[in-house]
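The structure appears below as structure tokens.
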Amino acid sequence: MSQSTNNLASYIWSLADLLRGDFKQSQYGRIILPFTLLRRLECVLKDRKADVLAEHARLEKSPLPDEAKEKLLLRAAQLSFYNTSKMDLSSLGASGIKDNLDSYIQSFSKDAREIFEHFKFGEFIAQLSDANLLYKAVQQVKGADLRPEVVSNHDMGLVFEELIRRFAEGSNETAGEHFTPRDIVDLTTSLVFMEDDEALTQEGVIRTIYDPTAGTGGFLSAGMEYVLQLNPGAVMRAFGQELNPESYAICKADMLIKGQDITNIKLGNTLSQDQLVNDKFDYMLSNPPFGVDWKKIEKDIKDEHALKGYGGRFGPGLPRVTDGSLLFLMHLLSKLRDAEQGGGRVGIILNGSPLFTGGAGSGESEIRRHILESDLLEAIVALPTDMFYNTGIATYVWVLTNKKAPERKGKVLLINGTDLYSKMRKSLGSKRKWMDTDDIATITRCFGAFEPVEPTALDKPADAKSNRGRQPDTPKSPTSKTFAAKLFDTHEFGYRRLTIERPLRESYQFSNDRIATLRFAPKPLNTITRWIYDTYGTGWDENGPDYGVLDAHEVEIRTHIKAEFAELKEKQIKDALDPKTWRTQLAILQKARAVQAKIGTDQHDDMNGFDKALKATGVVLDATAKKQITAAVSWKNPKAQKVIKKVHKKTAPNPLYGLFDVAGQVVEYKPDGDLRDNENVPLDPSSPVDTVNEAYFLAEVAPHVPDAWMDAGKVDALDGGIGIVGYEIPFNRHFYTYVPPRDLTEIDADLDKVSAEIMALLQEVHS
């Protein structure tokens, strides 16, 4: 800002001195901003006001509909707004000023009037009137000379942005909801616009800019300002949508002051009610809310995903309902101008979870897969922590485009800017750090060069250490601050998750203890039926008619269930009390005893002979009885024989995929779910999928578990290859620097010294 615009902003903000005491600091902007807008509008309209009033008088008794009248009045004003009142701030008078000001505001055109309504300006006018401050406020506001010949649209935009900044910083508790710090805005804007030479040099070029989470319009303003500073002959058209009515009002006011078409600024939820559904844009900038769930609009999102697929915004997949960040990213990608028409660019600020949350096959992974396999991601910049007003978490700027330069195709640049900051003298909410112009230039130059940068020491002072508590005699040397960047092929972020199986090994034994468990119903009634039997059933006669009859104890049992097994439903409780349940289990127990009498109680370590042994006993078992008996008498035993699932005929052995040659037969074993594991195999597009998988398996798995195999049934839904494809961007892992621990002798010496000090203190206490 120039000194004159800064002085003007300070003069307007000095209205806060009048408000102090009667209003909270967080309310100042809600009064100052609409007053500033009001004064600017009347200054801009002044030269055309007479024409508007004349046209209004002519149309007053006209039968034309209101929409037609409004168009004629806008034509008379030759602006995007008008006012049909004969009053202005200078002629409101002292008596009746509240009613006069209300009438003056209601005389504006619909879009302008809507801004004041969303500011709830009428309520603040009433409060100012009650505090006898309204006349004084109007007198101070009208003293600001905001005529276009004195303050251009560009300068007025800067003034209004400064007022918005002061308002946001004065209300720290909500600043992060609608205001992105200017340093982050400048960085993101530079990254998005710097590659468009045509927009930055050719006169008369037209570009559109869009923000689906417009907030107070900071990104829209910065984008237009960036281009117009370098190319005053360019034409920038701003589009946006905002959910918060107050932020929407501020954004719309800012656009109106800059002479933009404010009908392109919409109010509503971008994800569920896209009000610019058919529009595509050249540039998009966004700072969506971090980690906000989308449960309230879950049905709308899922319906669009299911019904429209890739024809809608959310074709690749849906993230978990607790974090909607990637929904905003997909929304932006759907708004990219087609590559044949020049393409578009996106700059979006996200937290860390979109980088890696979700394993292979998950919604998040599929979204990353779509972005990387479509070659839309150009760069990701890691920002310092503590950069935002309402959170101190790690954040990242993603830069995406569908018009990559040929030398950048198939590449992604990761830039580690976490140490590019200076400490603020005074924190603003959670914002304790800021990036100066040199820091921003370092990142933008790196992005422009699009080449890796080895870790380079920065000329930055070390962060001050806390002097609280006990200080070590040998403090750690401060870690130097560095800047680095790494260049990757897009496929390097992908992997194929192979499911690794190992054979099930089981033993069985018809011991008394094992078959005794068959007396009790299986889960979820197993525990409660055990308790019932131990408490009331130990004297039951297995051959008597009263076995399992619990009528006399139902009240006590229900009381116990309510206290200890509240998760049981009424039907399950009735089953536990039903004599049929007990007699059914007794019948299974008796069959197991009959089998025991034939087989004996010895342990058998080859489960493959189990079915044959059962059949040889002659005891007839239905499916339920066989299942329960098998579960009761068998257990996993790593020393037992492998359990065969199937013997294949006319099939060649292939041990890599679980087909083993055993004594001339091709055998498939049952997998052990407890031993199941997954291996992430890096993608290698230069070789066939099976070749890559098998080479990895033979090198990394087979030497350690020779009886393992790959599950060929787990295939990727898109490419049909064995293994599920996943993508993640482990940013921190790529820039991790190993710091060796201190020598053990130093640590031991420190411990000995501290121990000696403790003992000395204890001796003082006891002496």
Side-chain angles (χ1 to χ4, degrees), residues 67 80 110-112 114-115 118 178 180 188-189 192-193 199 206-224 227 235-256 258-289 292 294 296-297 300-301 303-305 307-316 324-349 376 398 400-403:
E67 292 81 2
S80 58
K110 180 182 176 181
D111 282 327
E114 182 190 44
I115 296 174
H118 284 300
H178 55 72
T180 304
T188 309
T189 304
V192 169
F193 281 90
I206 300 174
R207 290 290 185 268
T208 54
I209 182 171
Y210 171 64
D211 185 351
T213 54
T216 57
F219 266 135
L220 296 177
S221 296
M224 292 187 293
V227 174
V235 177
M236 296 297 296
R237 292 176 180 163
F239 297 77
Q241 188 164 335
E242 171 56 31
L243 178 62
N244 180 281
E246 183 181 86
S247 301
Y248 163 75
I250 296 173
C251 178
K252 201 164 184 178
D254 191 22
M255 294 301 108
L256 186 58
K258 290 181 169 68
Q260 285 287 322
D261 180 2
I262 56 175
T263 60
N264 293 330
I265 308 299
K266 307 294 185 179
L267 176 65
N269 190 311
T270 302
L271 297 179
S272 61
Q273 299 171 326
D274 179 15
Q275 297 187 38
L276 297 164
V277 65
N278 296 317
D279 293 288
K280 305 275 188 176
F281 305 102
D282 299 301
Y283 299 106
M284 285 167 277
L285 300 162
S286 180
N287 177 20
V292 173
W294 45 282
K296 290 188 289 187
I297 57 172
D300 296 324
I301 301 299
D303 285 349
E304 181 173 341
H305 171 68
L307 297 174
K308 294 185 178 181
Y310 281 88
R313 295 173 293 172
F314 311 119
S325 297
L326 285 171
L327 292 179
F328 285 103
L329 179 53
M330 284 192 290
H331 170 80
L332 287 170
L333 294 177
S334 74
K335 296 289 189 180
L336 283 169
R337 189 177 298 284
D338 294 339
E340 296 78 18
Q341 299 176 356
R345 297 176 67 80
V346 172
I348 183 171
I349 300 168
L376 296 172
W398 292 44
L400 306 100
T401 182
N402 60 353
K403 55 174 183 179

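Quick note: numbers below take in every heavy atom, side chains included, and nothing from hydrogens, waters or symmetry partners.
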Original post:
So which pairs with a foot in residues 326-348 pass side chain to side chain donor-acceptor pair (under 3.5 Å), sequence neighbours left out?
Top reply: Thr208-Arg337, Tyr210-His331, Asp274-Lys335, Asp282-Arg337, Arg313-His331, Arg345-Glu378
Find the distance between [atom1] ([X]) and [atom2] ([Y]) and round it off to the nearest 0.5 Å.
{"X": "Cys251", "Y": "Leu267", "atom1": "SG", "atom2": "CG", "result": "11.0 Å"}
{"X": "Ser286", "Y": "Leu332", "atom1": "OG", "atom2": "CG", "result": "5.5 Å"}
{"X": "Thr401", "Y": "Leu336", "atom1": "OG1", "atom2": "CG", "result": "7.0 Å"}
{"X": "Asp211", "Y": "Thr216", "atom1": "CG", "atom2": "OG1", "result": "9.5 Å"}
{"X": "Asn264", "Y": "Ile209", "atom1": "CG", "atom2": "CD1", "result": "12.5 Å"}

Taking all non-hydrogen atoms of both residues into account, name the closest pair between [X] and [Y] and its distance.
{"X": "His305", "Y": "Phe314", "value": "ND1-O, 2.6 Å"}
{"X": "Pro289", "Y": "Ser325", "value": "O-OG, 3.8 Å"}
{"X": "Thr189", "Y": "Gly223", "value": "CG2-CA, 3.7 Å"}
{"X": "Met255", "Y": "Ser221", "value": "CE-OG, 3.7 Å"}
{"X": "Met330", "Y": "Pro316", "value": "SD-CD, 3.9 Å"}
{"X": "Ala238", "Y": "Ile265", "value": "O-CD1, 4.3 Å"}

Pick out which of [options] makes a side chain to side chain contact (heavy atoms under 4.5 Å, CB included) with [X].
{"X": "Pro288", "options": "Leu329, Leu327, Ile348", "result": "Ile348"}
{"X": "Asp111", "options": "Asp261, Leu256, Ile262", "result": "Ile262"}
{"X": "Tyr248", "options": "Lys266, Glu114, Gln241", "result": "Glu114"}

Original post:
Would you say His118's side chain and Ala249's backbone share a donor-acceptor pair under 3.5 angstrom?
Top reply: no
Subject >> Short side-chain to backbone donor-acceptor contact, Thr270 and Pro212, under 3.5 Å >> reply: yes
A side-chain contact here means heavy atoms from C-beta on lying under 4.5 Å apart; do [X] and [Y] qualify?
{"X": "Phe219", "Y": "Ile349", "answer": "yes"}
{"X": "Trp294", "Y": "Asn269", "answer": "no"}
{"X": "Trp398", "Y": "Leu376", "answer": "no"}

Subject >> Residue list, side-chain hydrogen bond (donor to acceptor under 3.5 Å, both in side chains) with Asp300, at least two apart or on another chain >> reply: none
Subject >> Those residues that, when tested against Val235, pass side chain to side chain contact (heavy atoms under 4.5 Å, CB included) (two or more places apart) >> reply: Ile206, Arg237
